[in-house]
Amino acid sequence: MLSGKLCFLRAVEPSDVEILYQIENDVTLWNDGSLSQPVTRFSIEGLVAQADADVYQTHQFRLMICDRLTNEEVGCVDFFDFDPHNMNGSIGIMVRKDYRGRGYGCDALMTFVDYLFSHLHVHSLAATMRASNDVSQQLFLKCGFERVGVRREWVRTSCGYEDEVLMQRISSI
């Protein structure tokens with residue numbers, strides 16, 4: 001378990017299937033991620049079953065964000081597209097609506113980044129988000145990421161195409 005000031009990060013457990021199912025199937029969040037269709041419980045159960053697999057084999061893993069006082073699941077953080085040769089990968093975060101704006105996102109992201117840099121010895125992390133997602137951009141900037149690029153008209157929306165922002169943080173360890 002990894003502890004922050006407001007939250008702790010823990011491994012995904014079988015009891016998390018329902019909450020992950022709700023998170024993954026929240027259509028209001030699909031605009032911020034890469035999903036465009038519902039995810040089955042079967043898929044979520046497969047993700048949970050793989051939670052103990054080694055990151056060097058799966059090239060990804062997810063941790064649950066939990067409130068330190070109540071143990072309530074606040075959201076999750078993801079590390080994916082891990083390249084063990086170059087020691088880099090991508091990072092994502094999702095905080096449930098009821099918990100947004102209370103500092104959980106920054107606390108969880110900083111805790112996760114510190115772990116990835118100090119324990120997995122990751123050298124560089126990347127995050128992508130829609131250009132219109134100011135909240136995510138501000139969160140990542142606050143957590144030491146820099147805006148390093150824009151992919152023009154990268155994401156198709158119901159109104160046309162939108163730019164995608166690329167942010168990066170390099171380890172100082």
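Just so it is clear, the model here is predicted, and its values are computed rather than measured. Both backbone and side-chain heavy atoms feed into the values below; hydrogens, waters and symmetry mates do not.
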Candidate pair T40 and E45, rule side chain to side chain contact (heavy atoms under 4.5 Å, CB included), full reasoning: CA-CA 9 Å; T40 65; E45 289 168 353; over 6 Å; no
Shared hydrophobic cluster, [X] / [Y] (ILVMFWY, side-chain heavy atoms < 4.5 Å):
X: V55; Y: L9; answer: yes
X: L109; Y: L141; answer: yes
X: F61; Y: F8; answer: no
X: V150; Y: L139; answer: no
X: Y104; Y: L69; answer: no

Considering non-hydrogen atoms only, spot the tightest contact between [X] and [Y] and give its length.
X: P84; Y: Y56; value: CB-CD2, 3.7 Å
X: V122; Y: F82; value: CG2-CE1, 4.3 Å
X: I91; Y: F80; value: C-CE2, 3.8 Å
X: A126; Y: L166; value: CB-CD1, 4.0 Å
X: F140; Y: M167; value: CB-SD, 3.8 Å
X: F117; Y: S124; value: CE2-N, 4.5 Å

Whether R147 side chain and Q137 backbone form a donor-acceptor pair below 3.5 Å: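 A pair under 3.5 Å: no.
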Heavy-atom neighbours of E13 CD exceed 12 at 6.0 Å: yes
Enclosure of D52 CG (heavy-atom neighbours >12, cutoff 6.0 Å): no
Give, for atom [atom1] of [X] and atom [atom2] of [Y], the distance between the pair rounded to the nearest 0.5 Å.
X: R41; Y: L20; atom1: CZ; atom2: CG; answer: 11.5 Å
X: L6; Y: D107; atom1: CG; atom2: CG; answer: 4.5 Å
X: L125; Y: M87; atom1: CG; atom2: CE; answer: 10.0 Å
X: I23; Y: M64; atom1: CD1; atom2: CE; answer: 5.0 Å
X: L47; Y: F42; atom1: CG; atom2: CZ; answer: 12.5 Å
X: C7; Y: E72; atom1: SG; atom2: CD; answer: 13.0 Å

Test item: side-chain donor near acceptor, Q50 and T58, under 3.5 Å: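 No pair is found: no donor N or O on one side chain lies under 3.5 Å from an acceptor on the other.
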Worked check of side chain to side chain contact (heavy atoms under 4.5 Å, CB included) between Y21 and V39: CA-CA 7 Å; Y21 180 77; V39 176; 5.8 Å; no
Close side-chain approach of I19 and R96, heavy atoms under 4.5 Å: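 They are in side-chain contact.
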Verdict with reasoning, E24 to R62, per salt bridge (Lys or Arg N to Asp or Glu O under 4.0 Å): CA-CA 13 Å; E24 295 289 354; R62 173 178 283 183; 2.7 Å; yes
Salt bridge (Lys or Arg N to Asp or Glu O under 4.0 Å) evaluation trace for D16 with R10: CA-CA 11 Å; D16 296 320; R10 64 162 174 80; 2.7 Å; yes
Sole candidate of V77, L2, L63 that passes side-chain contact (heavy atoms from CB on, under 4.5 Å) when paired with T111: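 Answer to the side-chain contact (heavy atoms from CB on, under 4.5 Å) test with T111 among V77, L2, L63: L2.
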Step-by-step side chain to side chain contact (heavy atoms under 4.5 Å, CB included) determination, F145 to V113: CA-CA 10 Å; F145 283 72; V113 167; 4.0 Å; yes
